[in-house]
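Written below as structure tokens is the structure these notes are about.
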Amino acid sequence: MPDDAPAALSNGGGIGASVRRKEDFRFLTGQGHFTDDLNRPGQTHAYLLRSPHAHARLDAIDTTRALAAPGVVAIFTGADLAAAGVGGLPCGWLITDKHGKPMVEPPHPVLAQGKVRHVGDPVAVVIAESRDEAQDAAELIDVSYGVLPAAVEATDAIKPGAAQLFDEAPANTCYEWEIGDKSAVDAAFAKAKLVAKLDLINNRLVANPMEPRAAIGEYDTGSGDYTLYTTSQNPHVIRLLMGAFVLHLPEHKLRVVAPDVGGGFGSKIYHYAEEAIVTWASAKVKRPVKWTSDRSEAFISDAQGRDHASHAELAMDENGKFLALRVDTVANMGAYLSTFAPAIPTILYATLLAGTYTTPAIHVAVRAVFTNTVPVDAYRGAGRPEATYLLERLVDVAARVAKLDPAEIRRRNFIPTDAYPYQTPVALQYDSGDYFKTLEMALKTADRDGFEARRADAATRGKLRGMGIATYIEACGIAPSAVAGALGARAGLYETAEVRVHPTGSVTLFTGTHSHGQGHETTMAQLVASGLGVSVDQVEVVHGDTSKIPFGMGTYGSRSLAVGGSAVMKAIDKVVAKGRKIAAHLLEAAEADVEFSDGTFRVSGTDRSKSFAEIAFTAYVPHNYPIDTVEPGLDETAFYDPKNFTYPSGAHVAEIEIDRETGVVEIVKFTAADDFGRIINPMIVEGQVHGGLAQGIGQALYESAIYDKDGQLLTGSFMDYCMPRAANLPMFDVATNVTLCTHNPLGVKGCGEAGAIGAPAAIMNAVADALSPLGDIRVDMPATAAKLWHIIQSHPATHIPAQAAE
Amino acid sequence: MYEFNYQAPASLADATKAIAAAEDGKLLAGGMTLVPTLKQRLARPSDLIDLGRIAELKAIKVDGGTVTIGAMATHAEVGASAAVQQAIPGLSWLASNIGDPAVRHRGTLGGSISNNDPAADYPAALLALGATIYTTKRQLSAADFFVGMFETALELDEIVTAVSFPIPEKAAYQKFRNPASRYAVVGVFVAKTGGGARVAVTGAGPSVFRVPAFEAALDRSFAAASLDGLTIDAGELNSDIHASADYRAHLVAVFAKRAVAEIS
Ligand SMILES: Cc1cc2nc3c(=O)[nH]c(=O)nc-3n(C[C@H](O)[C@H](O)[C@H](O)COP(=O)(O)OP(=O)(O)OC[C@H]3O[C@@H](n4cnc5c(N)ncnc54)[C@H](O)[C@@H]3O)c2cc1C
């Protein structure tokens, strides 16, 4: 028991308690069961031969020598899969372009056919008795490649003469899409007194969860059942996509298990080739087939994130009031469409560009482009960090243009607190929020008032000090199925929960969400504890197995609590309703007179009561029972389809110093004031914010997937790809303000992505502010020391106010 | 990794025999560079001769005017040695700031200098302090030992046994870390010795080098201000995704001053 247990458990560990994470004992003592920890009897090992070229014709593959190598069980290529009728990897979201035509959706073969399109594109799989033997044999496969020029940057790939990835995608374009009222925007710009303009890059990131991907396929020759163990954030989605589209297996013959998963950040949402390969091959070789990625492989095969190039303009009146926003974005899709890729720079990006502001007219044009790089898809925040980054940097430029304080220009344009529900010009309807409050909280904690004195002091030490503000809004709890469907989703986005009450009153909760580090085993248990009045220790949470969970769409987009938690509450309501019937019978009272609270059914206004455990027992031992009208047992399932997105929001403030001599940025202070709606477990929420901030700061200052012109990933290991470390981060000051979500039973909004959404803009606005004495200088992420030093170098030192002080 | 024969001799004599007899043998120290190289299948030695069981290679001694450190002393052991800290604090700091704790508990002095990564820290200390490298065949000066990028004077079957550092009047090391790997983008070791000031730079060029102009200026007056206005030519320096040659040249001057300032 935690040492603060009495306080934490004062309400039985229910909603609002900082219950220590039930799963952590297992994780911290090495007792977790991750996919690679599993070994199946008779298991073989798969090694994937991957393309060393970014773009090449696949002229011939000769496996003769490899097949003769020791330990080899089988080798398969794209041709074998095609001959067996294996389908391509499907895309889960259809975007309709601005002409009303469907996006270009080229085939994504499980193993490359005809061409390879990025370094790491799988070409063949070797299955052998050991992983080393599989890899040894793979070296003996002779592949003749006809190397082709590569298209790497999206902005280059659309130029005439660029290498073409697919015949069906002229100018490498997947779609050109738009949202908003262009003529209203043009009209507003025509009469605008002030205009702020900005070009920026949102740098490509590698997700890098701690646990690399892994998959084990197993085929039962007796029953014809397939099982896939995989590192997934959403096993049912994998079962649906792989079963229906790739391997043509019915659901009842395919079980997908995602056991403990060590981080995902989005990269484990998608259906990957390796999952289909091991599942299919396990039936071919009639033995389990295991594949585990190594870190180098992860860099070239896990879907990457972000990678936008944008131009944006903001029209204002003379008082800095926003009149219209115009955005043009080129989004890099990589070589193939990953599962949700087309939705990220459209539905989850452009619709967020109203941000926290009342901008009345907005137009966004997005061009999605294929390149010879690893596919890009959702990464923590997915579209919303890109939107926030663009908007909040533009607002800072606007503040300079309008000669207003960055906080003041924001206040002048915030959506008023009494304006909810607020309909934006880009499709979303915000239900609640208070951006003034979170901004004030953040500015106060950040001591905005004392900043100029600190800046002056820093100057005497040769440091350029800056403060940056970012406010954000995000759309979480994805999503009302009908809305998602209208926007192109090829799946529903409800969630399920089954609350199974056992005879002695303990509970197993089956949820269709999936934890890959978020602490659901604790948070979800707290919902049950509050709802049924049982102790949190009496609740076990089960997820990640299609044979146990009714159904589920998984965890991403901060949806688990808002959607999955709402399903739990619905199921709890059903349990209570049935319990009330049983209690009424036992207490010989009318059902309407029985109330339930804190685990007790009571006849209103009397001391006649039955505990929840007594009712559970009676449900399973129905000796004295209303058997004619109520079924025995206490096990309820609910499906919950959200009514709207949820809209977490907040304000982040960064204070940084740049060492003029070296360009090194030090984050002196970072403050985050967020509104996540009701907080179930404050400690877990704080942890989520910290992790998100670390990733947002990583993007702002350190991380970048850099490809050379031939499409080779130059930052393909941790020696070159810089992850943020504890020493790079300050102690964070975090706080929450609560405005409840108005349309889900818990009033929750979601907190998993906020840190990664707010931090990049806050940090980069601080960097721009620090450099402001040198002029108005474009700086793209990551703001590395080398980059900043070159900027400082190329701007005349006489502009630096501190010069005299040295 | 490919298969190899693993040998773990208990004495230096056995190790010497083993490496001489192996068809294409490789010495294994902490494995911090060698093991990843093997895992990536970038090397295919016939034999791996593990030096880890040879106690005599681990000793750290300070006597008279020298600090002598065995080739198999880990960075953590050097950093934690009170004797080294007292004799040459700059060397102690250097060892304590290599990589991260895991690397420091496996990586060794012998492995570091034999590998001669252009971004390794130790070579700067060896060159600036005028260290002597002892091997199973001879002794060499640091200037003769470090030949070029990942290249030393070592023969294939030669084992570094120890390095002795003459104790300077004072010395300091300052390093600009690669934020990803923690190796030196630029590292400058400055020593004030009986024979004059010595400035050695690692990370910036293909291999460690001295900066005679800085040394001459410091001989005139051992103060950071003596280096004002002095620069080094970016022409021969490394340029990569982490730092341009210009930036490295600039950092050499900055970190040389910071090192001098620390001890003057
Ligand atoms: C993540 C990471 C960060 C690092 N950061 C830094 C840093 O900041 N600064 C820094 O200086 N270094 C750094 N290093 C390097 C590290 O400190 C080691 O010094 C280096 O990797 C050598 O490791 P090792 O001693 O384990 O030798 P090994 O890897 O075992 O061997 C390296 C080479 O030296 C040869 N060799 C080993 N011992 C001897 C000997 N006695 N005689 C002859 N040849 C020998 C081996 O055959 C091999 O070729 C880093 C390494 C890693 C992995």
Side-chain angles (χ1 to χ4, degrees), chain A residues 47 70-71 130-133 135-136 138-139 206 208 294-297 299 462 659-666 697-698 700-708 712-729 782-794 806, chain B residues 1-4 32-33 36-42 44 97 99-103 117-120 174-188 203-204 224-225 227-228 231 234 237-258 261:
Chain A
Y47 177 82
S130 72
R131 192 185 184 283
D132 279 333
E133 284 170 324
Q135 189 173 359
D136 287 344
E139 289 182 4
V206 180
N208 283 323
D294 65 25
R295 185 61 65 180
S296 310
E297 208 173 358
F299 269 96
D659 177 3
R660 275 176 41 207
E661 276 190 325
T662 60
V664 170
V665 174
E666 186 199 344
I697 289 167
L701 297 180
Y702 307 109
E703 299 184 44
S704 198
I706 303 173
Y707 289 87
D708 71 9
Q712 296 290 335
L713 182 62
L714 298 179
T715 50
S717 84
F718 290 138
M719 296 306 258
D720 293 307
Y721 186 93
C722 184
M723 298 293 282
R725 303 181 191 215
N728 299 130
L729 306 171
T784 61
K787 191 184 280 179
L788 294 178
W789 179 78
H790 279 280
I791 287 172
I792 293 167
Q793 255 346 78
S794 55
E806 290 205 331
Chain B
M1 43 177 97
Y2 298 111
E3 284 193 350
F4 50 78
M32 286 294 92
T33 292
T37 311
L38 296 175
K39 279 178 152 178
Q40 306 246 4
R41 301 189 162 212
L42 296 172
R44 192 170 200 164
N97 284 276
D100 49 53
V103 166
D117 189 303
Q174 285 272 342
K175 162 188 189 183
F176 184 84
R177 289 174 179 79
N178 175 321
S181 72
R182 297 310 208 229
Y183 271 97
V185 171
V186 162
V188 184
L227 300 176
D228 280 349
T231 52
L237 301 188
N238 303 335
S239 187
D240 53 37
I241 55 168
H242 301 292
S244 67
D246 284 346
Y247 183 45
R248 281 191 162 88
H250 167 80
L251 290 176
V252 169
V254 170
F255 283 83
K257 273 192 219 171
R258 288 186 182 181

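Below, chains carry the letters A, B, ... as their sequence lines are ordered, and counting in each starts from 1.
Between the side chain of A:His790 and the main chain of B:Tyr247, no donor-acceptor pair closer than 3.5 Å is present.
Of the two parts of B:Asn178, only the side chain, counted from C-beta on, holds a non-hydrogen atom closer than 4.5 Å to a non-hydrogen atom of chain A. Neither the backbone nor the side chain of A:Thr784 comes within less than 4.5 Å of any heavy atom in chain B.
When every heavy atom of B:Phe176 is checked against every heavy atom of A:Thr662, the shortest pair comes out as CE1-CB, 4.1 Å. Nearest heavy-atom pair, B:Gln40 versus A:Ser296, reported as atom, atom and distance to 0.1 Å: NE2-OG, 3.9 Å. Among all heavy-atom pairs drawn from B:Ser181 and A:Met719, the shortest one is CB-O, 3.6 Å.
A:Glu139 and B:Arg41 are joined by a salt bridge, as a carboxylate oxygen and a charged side-chain nitrogen come within less than 4.0 angstrom of each other.
For the atom pair CG of B:Asp100 and CZ of A:Arg725, the computed distance is 6.0 Å after rounding to the nearest 0.5 Å. Taking CD1 of B:Ile241 as the reference point, atom OG1 of A:Thr715 lies at 6.0 Å (rounded to 0.5 Å). With rounding to the nearest 0.5 Å, the separation of CG in A:Leu714 from NE2 in B:His242 is 9.0 Å.
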key: Steps toward salt bridge (charged side-chain N to carboxylate O under 4.0 Å, His left out) verdict (A:Asp659, B:Arg258)   = CA-CA 13 Å; A:Asp659 177 3; B:Arg258 288 186 182 181; 2.8 Å; yes

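Per-residue counts of heavy-atom pairs under 4.5 Å with chain B were compared for A:Pro724, A:Ser704, A:Ala786, A:Ser717; the largest is that of A:Ala786. Contact count against chain B (heavy-atom pairs under 4.5 Å) is highest for A:Glu661 among A:Gln793, A:Glu661, A:Met723.
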